[in-house]
2 protein chains.
Amino acid sequence: MVTNKGLSVSKNQIQRLPMYLNHLKKLRDAGFTQISAPQVAKDLGLHVEKVKKDIALVSSSLGTPKSGRNIDDLIADITSFLNYDEITPAIIIGCGQLGRALLGYRGFDEYGLDIVAGFDINPELVGQDLFGKTIYALEDLPMIRKKYKVDIGIITVPGSAAQEAANALVDAGILAIWNFAPAHIQVADKIIVHDENMASSLAVLSHRLSAKMSSKK
Amino acid sequence: MVTNKGLSVSKNQIQRLPMYLNHLKKLRDAGFTQISAPQVAKDLGLHVEKVKKDIALVSSSLGTPKSGRNIDDLIADITSFLNYDEITPAIIIGCGQLGRALLGYRGFDEYGLDIVAGFDINPELVGQDLFGKTIYALEDLPMIRKKYKVDIGIITVPGSAAQEAANALVDAGILAIWNFAPAHIQVADKIIVHDENMASSLAVLSHRLSAKMSSKK
DNA sequence: TAGATTGTTAATCGATTAACAATC
DNA sequence: TAGATTGTTAATCGATTAACAATC
């Protein structure tokens with residue numbers, strides 16, 4: 001368990017922080033200057049206690065009873081906690097539909113992520129520019145990784161090619177993998193793998209829906 | 001909490017089932033006919049006890065000590081539990097990069113999901129066909145929903161348009177929303193919302209990475 | 001002051017992990 | 001038979017939720 005201020009930070013808490021940040025920015029842009037935990041909880045549909053603890057965890061200042069906290073300060077605290085003010089370079093393997101969607105997604109700037117290059121095995125794609133980013137052949141991976149000091153690799157290849165892509169990333173010296181391919185990849189323990197599993201997500205949604213439908217009958 | 005065979009089914013368990021299914025199919029295609037919980041646990045890097053419980057939950061037959069279960073039977077059981085053998089129609093709002101990636105993703109077939117139509121506010125896109133699916137104007141939403149009896153709506157619009165898209169879906173009679181937009185949407189309690197939050201995912205990955213980096217120093 | 005909000009400590013809840021008897 | 005695997009019950013762990021004193 002990772003710690004901050006001597007308190008442990010859970011995965012769930014880290015997941016909630018970008019949601020708070022997003023909402024706080026919206027409130028700030030709407031002209032608000034103060035925010036309280038009960039307000040955030042109400043807006044996002046969360047329990048107050050959870051929000052209070054999450055905020056206390058990342059905030060550099062104590063809140064003021066009755067009025068809460070200054071929005072700008074809290075935004076700055078969350079931004080810094082999530083390292084959004086530092087630019088983290090990443091590369092992406094697989095420039096099909098999903099790969100292109102991620103390459104072209106401008107929102108990553110806001111999260112401090114910069115996809116510096118794409119890779120693909122399709123010779124027709126190699127050498128092309130997409131959204132201002134060059135697509136390279138896999139053999140250039142070690143070179144690009146070194147050049148931009150990249151630690152994060154994103155996999156958006158078909159499931160059947162995922163393991164191969166993971167191997168290429170690890171061999172090139174990547175430390176963390178964000179895997180969008182519908183396949184389990186096996187890598188050394190020291191490599192961090194985060195699976196973005198559409199099938200799992202969809203399963204949860206479908207199950208909730210069918211539970212609802214059958215309860216209605 | 002939903003129940004199966006009198007046992008409760010947790011969200012985490014449902015998320016793991018597609019991973020098992022995927023892995024089992026791979027093993028089946030490689031020629032295996034039997035599978036044991038310890039084997040699955042080892043392959044996917046999970047605890048045996050977890051896998052045993054998950055499998056017992058969805059399996060229609062008792063496993064055989066020492067040899068485990070027949071792979072085909074288990075695949076059939078998970079497939080049926082996840083309702084993958086029924087086709088669930090869905091529509092998608094927002095046919096930008098991400099929307100197209102989802103529209104064109106063939107893997108959804110395997111999960112029983114069929115995206116029957118796309119919607120966009122861009123008049124240049126409306127009327128076009130993408131991957132054999134027609135893009136409609138938002139005003140056609142109620143008609144298409146009725147025609148295909150759609151319960152699931154997928155949102156892939158920019159964050160600023162997410163609430164509007166959600167409102168349109170709910171007004172048209174959609175029951176569940178799969179939200180890929182980086183924004184919290186507010187809908188009636190009875191509507192099921194599942195957020196696919198890239199920022200949250202990335203935050204977890206980045207945090208693990210930076211924890212690792214600092215521990216290395 | 002009164003009351004809303006804060007931070008923190010305690011209770012509850014649920015999921016994971018451990019332990020173990022049954023059995024092919 | 002011996003041993004691996006099963007299903008199930010108990011213990012542990014962590015996160016959520018509840019409760020409450022402090023304070024602006």
Side-chain angles (χ1 to χ4, degrees), chain A residues 1-17 19-20 24 27 32-71 73-74 77 200 203-204 207-208 211, chain B residues 1-17 19-20 24 27 32-71 73-74 77 200 203-204 207-208 211:
Chain A
M1 186 79 57
V2 189
T3 57
N4 190 43
K5 302 166 153 191
L7 294 167
S8 62
V9 188
S10 78
K11 189 181 150 184
N12 289 1
Q13 290 185 299
I14 293 169
Q15 284 189 327
R16 285 192 294 267
L17 292 174
M19 302 182 201
Y20 297 153
L24 292 172
L27 292 175
F32 293 90
T33 56
Q34 288 287 120
I35 188 67
S36 71
Q39 185 61 50
V40 172
K42 196 187 155 211
D43 293 345
L44 300 182
L46 300 170
H47 285 256
V48 196
E49 296 83 357
K50 228 192 273 191
V51 177
K52 278 196 287 183
K53 282 198 178 171
D54 292 346
I55 290 179
L57 185 75
V58 297
S59 182
S60 59
S61 59
L62 287 174
T64 311
K66 181 126 182 164
S67 64
R69 280 182 167 83
N70 177 276
I71 287 194
D73 290 349
L74 188 51
D77 285 336
S200 290
V204 173
H207 205 264
R208 289 173 65 192
Chain B
M1 186 81 56
V2 189
T3 57
N4 189 44
K5 300 167 157 189
L7 295 166
S8 62
V9 188
S10 78
K11 189 181 150 186
N12 290 2
Q13 290 184 299
I14 293 169
Q15 284 188 327
R16 284 192 294 266
L17 293 174
M19 301 183 202
Y20 298 153
L24 292 172
L27 291 175
F32 292 90
T33 56
Q34 288 287 120
I35 188 67
S36 70
Q39 185 62 49
V40 172
K42 197 188 155 208
D43 292 345
L44 300 182
L46 301 170
H47 286 257
V48 195
E49 296 83 357
K50 229 191 270 188
V51 177
K52 278 197 287 183
K53 282 198 176 168
D54 292 346
I55 290 179
L57 185 75
V58 297
S59 181
S60 58
S61 60
L62 286 175
T64 312
K66 181 129 183 162
S67 64
R69 279 182 169 85
N70 177 275
I71 287 193
D73 290 349
L74 189 51
D77 286 336
S200 290
V204 173
H207 205 265
R208 288 173 65 194

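Worth knowing before you read on, the calculation uses all heavy atoms, side chains too, and leaves out hydrogens, waters and symmetry mates. Quick note on labels: first sequence line is chain A, next is B, and so on, each numbered from 1. Predicted, not measured: the structure shown is a model, and the values here were computed from it.
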Closest-nucleotide 5' rank along DNA chain D - winner of Q13(A) and L62(B):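 Residue closer to the 5' terminus by nearest nucleotide: L62(B).
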D54(A) or S67(A), whichever maps to the more 5' nucleotide of DNA chain D: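 Final value for this comparison: D54(A).
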[N] [atom2] sits how many Å from [X] [atom1], rounded?
X      : N       : atom1 : atom2 : value
K11(B) : dT16(D) : NZ    : C1'   : 14 Å
R69(B) : dG7(D)  : CZ    : P     : 4 Å
K66(A) : dC24(D) : NZ    : P     : 13 Å
K50(B) : dA15(C) : NZ    : C1'   : 9 Å
L57(A) : dT16(D) : CG    : P     : 12 Å
R16(B) : dT17(C) : CZ    : P     : 9 Å
N12(B) : dC13(D) : CG    : C1'   : 14 Å
E49(B) : dT12(D) : CD    : C1'   : 13 Å

Using a 3.5 Å distance criterion without hydrogens, assess whether the side chain of [X] forms a donor-acceptor pair with backbone atoms of [Y].
X      : Y      : result
D54(A) : Q13(A) : no
S36(B) : G68(B) : no
N70(B) : Q34(B) : no

Shortest side-chain distance from K52(A), nucleotide among dT23(D), dA15(C), dG7(C):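 In terms of side-chain proximity for K52(A), the closest of dT23(D), dA15(C), dG7(C) is dG7(C).
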Watson-Crick or G-U wobble partner of dG14(C), both distances under 3.5 Å: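 By the stated definition (distances under 3.5 Å), dC13(D) pairs with dG14(C).
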Base-pairing assignment for dT5(C) (Watson-Crick or G-U wobble, both under 3.5 Å):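 Across any shown strand, dT5(C) pairs with dA22(D).
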Any donor-acceptor N or O pair under 3.5 Å, side chains R69(B), T64(B):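 No, no side-chain donor-acceptor contact under 3.5 Å.
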No-H, no-angle donor-acceptor pair, K53(A) side chain to dT6(C) base, under 3.5 Å: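 Answer is no: no donor-acceptor pair is held.
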dT16(C) phosphate, OP1 or OP2, under 4.0 Å from H47(B) side-chain N/O: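 No, because none of the side-chain N or O atoms of H47(B) sits under 4.0 Å from OP1 or OP2 of dT16(C).
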From V48(B), V51(B), D43(B), residue fulfilling side chain to side chain contact (heavy atoms under 4.5 Å, CB included) relative to P38(B):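 Testing each of V48(B), V51(B), D43(B) against P38(B), the sole residue satisfying side chain to side chain contact (heavy atoms under 4.5 Å, CB included) is V48(B).
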